[in-house]
*Asks:* 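Handing you a structure now.
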Amino acid sequence: MPQTTTYGLRPDRFDSAGQDQLVDVRDLQAALPGIRRLRNWAHEALALRPGESAVDIGSGTGSEVMAFADAVGPTGTAVGVEPDPNLLAAAERRAAQAGSRAKFHSGDAYGLPFGPDSFDAALCERVFQHLTAPTRAANEIARVLRPGGRAVVVDVDWGTAIVHPGERQVVREVIDTLVSATTNPFSGRRLPGLLTQAGLVVDDIGSHALVQDRSVGAGALVTRIAEMAVARGSITEAQRDLLLTELARGAATGDAHLSVTMFAVLAHKPN
């Protein structure tokens, strides 16, 4: 699995101080209200019980694995799988500091280091958008779940992005550039089909719009994507400058909206 990116930042391009900053950025993103609400929904949907086993695929800094460990108790198992060694080390350090029973393994969504029928519950958040072969990852989730086991898979659908204000065609080109720059941009809408094809039964679908604080104007992501749109010849420099000016003006007057929708799918493995 390719290394996950955080608004275009690659973990392998940071020194140790930068790695800590990257962890902080990931934690800040996870603190966004929309992500918090979907995570709460995911935990309620999985409804872990004492003695059960749970895995978080793409566990990042380990917060959800530690929550799993609290839910399953001393007789249960809570495991995180993470391909990035720096995030893995951060998760292990945090779990040790918190006295958590959470455990972590190096691995990715294409080859989970566990046998079949290993877990009662699985979580996979914001991983599928980075995958070139999401079907393989869905099959892996189904493989490691026990019969009756449940999974929640959460991801963004970049095709739902809204940028306002701005000239419609320019905004469309910027969003198309964002979609083109993402490995699996429509992952959110594809999740139910992927899990169904993997042999799981979809039980529920939740969603939440992640809305950027309108006071920040274009923000780093839209500014960077607008630059990419100019580089690929989709818009002119003048159109980019006008868009960024309109977004800044909208932020100043309260007439600005930047958002994307994240979807969460609950499924189970038939007995």
Side-chain angles (χ1 to χ4, degrees), residues 1 4 29-30 32-60 62-73 76-82 102 108-110 112 114 116-131 134-160 184-210 260-271:
M1 183 175 68
T4 52
Q29 284 187 326
L32 291 171
I35 294 177
R36 287 204 312 270
R37 292 186 187 109
L38 277 184
R39 282 188 171 180
N40 290 338
W41 183 91
H43 284 282
E44 291 175 3
L46 290 173
L48 284 171
R49 297 180 291 272
E52 290 194 313
S53 58
V55 61
D56 182 8
I57 303 161
S59 51
S63 60
E64 305 316 289
V65 187
M66 287 188 280
F68 284 169
D70 290 340
V72 302
T77 303
V79 180
V81 177
E82 171 58 47
D108 61 39
Y110 293 149
L112 299 176
F114 311 106
D117 305 337
S118 295
F119 295 99
D120 298 295
L123 174 67
C124 187
E125 179 195 312
R126 289 182 293 167
V127 169
F128 273 63
Q129 64 181 295
H130 303 292
L131 301 181
T135 298
R136 287 176 56 191
N139 288 337
E140 274 294 274
I141 292 173
R143 182 184 68 82
V144 300
L145 278 180
R146 293 171 180 157
R150 57 266 185 215
V152 169
V153 183
V154 183
D155 224 312
V156 168
D157 190 310
W158 291 105
T160 67
N184 185 19
F186 305 120
S187 54
R189 73 188 67 178
R190 297 187 62 197
L191 294 178
L194 289 167
L195 296 177
T196 299
Q197 292 164 20
L200 303 181
V201 177
V202 172
D203 300 303
D204 199 4
I205 300 174
S207 68
H208 204 287
L210 304 182
V260 67
T261 301
M262 183 174 285
F263 294 91
V265 179
L266 170 67
H268 75 274
K269 186 172 182 176
N271 289 310

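Just so you know, these numbers come straight off a predicted model, no measurement behind them.
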*Asks:* Would you give the length of the straight line joining atom CD1 of I57 to atom OH of Y110, rounded to the nearest 0.5 angstrom?
*Replies:*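 If we round to the nearest 0.5 Å, I57:CD1 and Y110:OH are 13.0 Å apart.
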*Asks:* Any non-hydrogen side-chain atom of W158 less than 4.5 Å from a side-chain atom of F186?
*Replies:*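 A side-chain contact is absent here, since even the closest heavy-atom pair is not under 4.5 Å.
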*Asks:* Going through the checks in order, is the side chain to side chain contact (heavy atoms under 4.5 Å, CB included) test met by D56 and V81?
*Replies:* CA-CA 6 Å; D56 182 8; V81 177; over 6 Å; no
*Asks:* How far apart are the closest heavy atoms of L46 and A122, and which atoms are they?
*Replies:*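 Distance-wise, the nearest heavy atoms are CD2-O, 3.9 Å.
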*Asks:* Tell me the closest heavy-atom pair linking A42 and V152, and the distance in Å.
*Replies:*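 Shortest heavy-atom separation between A42 and V152 comes out as CB-CG1, 3.7 Å.
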*Asks:* For V202 versus P192, what's the shortest heavy-atom pair and its separation?
*Replies:*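 What the structure gives for the nearest pair is CG2-O, 3.8 Å.
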*Asks:* If you define the side chain from C-beta out and look only at heavy atoms, does anything of I205 sit under 4.5 Å from V265?
*Replies:*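 Counting from C-beta outward, I205 and V265 do come under 4.5 Å.
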*Asks:* Can S53 and D120 be counted as having a side-chain donor-acceptor contact under 3.5 angstrom?
*Replies:*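 A pair is found: one side chain offers a donor N or O, the other an acceptor, under 3.5 Å apart.
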*Asks:* Just checking, is any N or O donor in the side chain of Q129 or D155 under 3.5 Å from an acceptor N or O on the other one?
*Replies:*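 Yes, D155 and Q129 have a side-chain donor paired with an acceptor closer than 3.5 Å.
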*Asks:* Ion pair present between R39 and E44, side-chain N to carboxylate O less than 4.0 angstrom?
*Replies:*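 Salt bridge flag = no for E44 with R39.
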*Asks:* Could you check if a side-chain atom of I35 sits within less than 4.5 angstrom of a side-chain atom of M262, using non-hydrogen atoms only?
*Replies:*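 A side-chain contact under 4.5 Å exists here.
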*Asks:* Any donor-acceptor pair under 3.5 Å linking the side chain of K269 with the backbone of G148?
*Replies:*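 Pair absent, no side-chain N/O of K269 close to backbone of G148.
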*Asks:* Determine whether a donor-acceptor pair (N or O, by modelled atom type, separation under 3.5 Å) exists between the side chain of T160 and the backbone of T261.
*Replies:*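 Checking the backbone N and O of T261 against the side chain of T160, a donor-acceptor pair under 3.5 Å is found.
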*Asks:* Taking all non-hydrogen atoms of both residues into account, name the closest pair between A198 and A138 and its distance.
*Replies:*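 Heavy atoms of A198 and A138 come nearest at CB-O, 3.6 Å.
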*Asks:* How long is the straight-line distance from SG of C124 back to CG of L112, given to the nearest 0.5 Å?
*Replies:*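 The CG atom of L112 sits 8.5 Å away from the SG atom of C124.
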*Asks:* To the closest 0.5 Å, what do you measure between CZ (R37) and CG (L210)?
*Replies:*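 R37 CZ to L210 CG: 10.0 Å, rounded to 0.5 Å.
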*Asks:* Is there a side-chain contact between V260 and D157 in this structure, where contact means two heavy atoms from C-beta onward sitting under 4.5 Å apart?
*Replies:*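 Not in contact.
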*Asks:* Are side-chain heavy atoms of W41 and V154 found at a separation under 4.5 Å?
*Replies:*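 A side-chain contact is absent here, since even the closest heavy-atom pair is not under 4.5 Å.
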*Asks:* CG/L38 to CZ/R126 distance, rounded to the nearest 0.5 angstrom?
*Replies:*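 Interatomic distance, L38 CG to R126 CZ, rounded to 0.5 Å: 10.0 Å.
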*Asks:* Is any side-chain heavy atom of V153 closer than 4.5 Å to a side-chain heavy atom of F263?
*Replies:*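 The answer is no, as the side chains (C-beta and beyond) never meet within the 4.5 Å cut-off.
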*Asks:* Can you name the closest pair of heavy atoms from G58 and E82 and give their distance?
*Replies:*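 So the minimum-distance heavy-atom pair works out to C-OE1, 3.5 Å.
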*Asks:* Any heavy-atom pair between the side chains of R150 and L48 that's under 4.5 Å?
*Replies:*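 In short, these two side chains touch, coming nearer than 4.5 Å.
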*Asks:* Can you tell me if Q197 uses its side chain to pair, donor with acceptor, with the backbone of L194 under 3.5 Å?
*Replies:*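 No, Q197 side chain to L194 backbone: no donor-acceptor pair under 3.5 Å.
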*Asks:* Which pair of non-hydrogen atoms, one from G159 and one from R189, has the smallest distance, and what is that distance?
*Replies:*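 So the two residues come closest at CA-NH2, 3.6 Å.
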*Asks:* Between atom OG of S118 and atom CZ of R146, what is the distance when rounded to the nearest 0.5 Å?
*Replies:*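 Going from OG on S118 over to CZ on R146, the span is 7.0 Å.
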*Asks:* Nearest 0.5 Å, what's the CG-CG distance between L191 and L266?
*Replies:*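 Going from the CG atom of L191 to the CG atom of L266 covers 12.5 Å.
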*Asks:* Would you kindly say whether H268 and D203 are connected by a side-chain donor-acceptor distance under 3.5 Å?
*Replies:*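 Yes, a side-chain donor-acceptor pair sits under 3.5 Å.
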*Asks:* State, with a plain yes or no, whether a side-chain heavy atom of F68 is found less than 4.5 Å away from one of T77.
*Replies:*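 With C-beta onward as the side chain, the pair stays apart.
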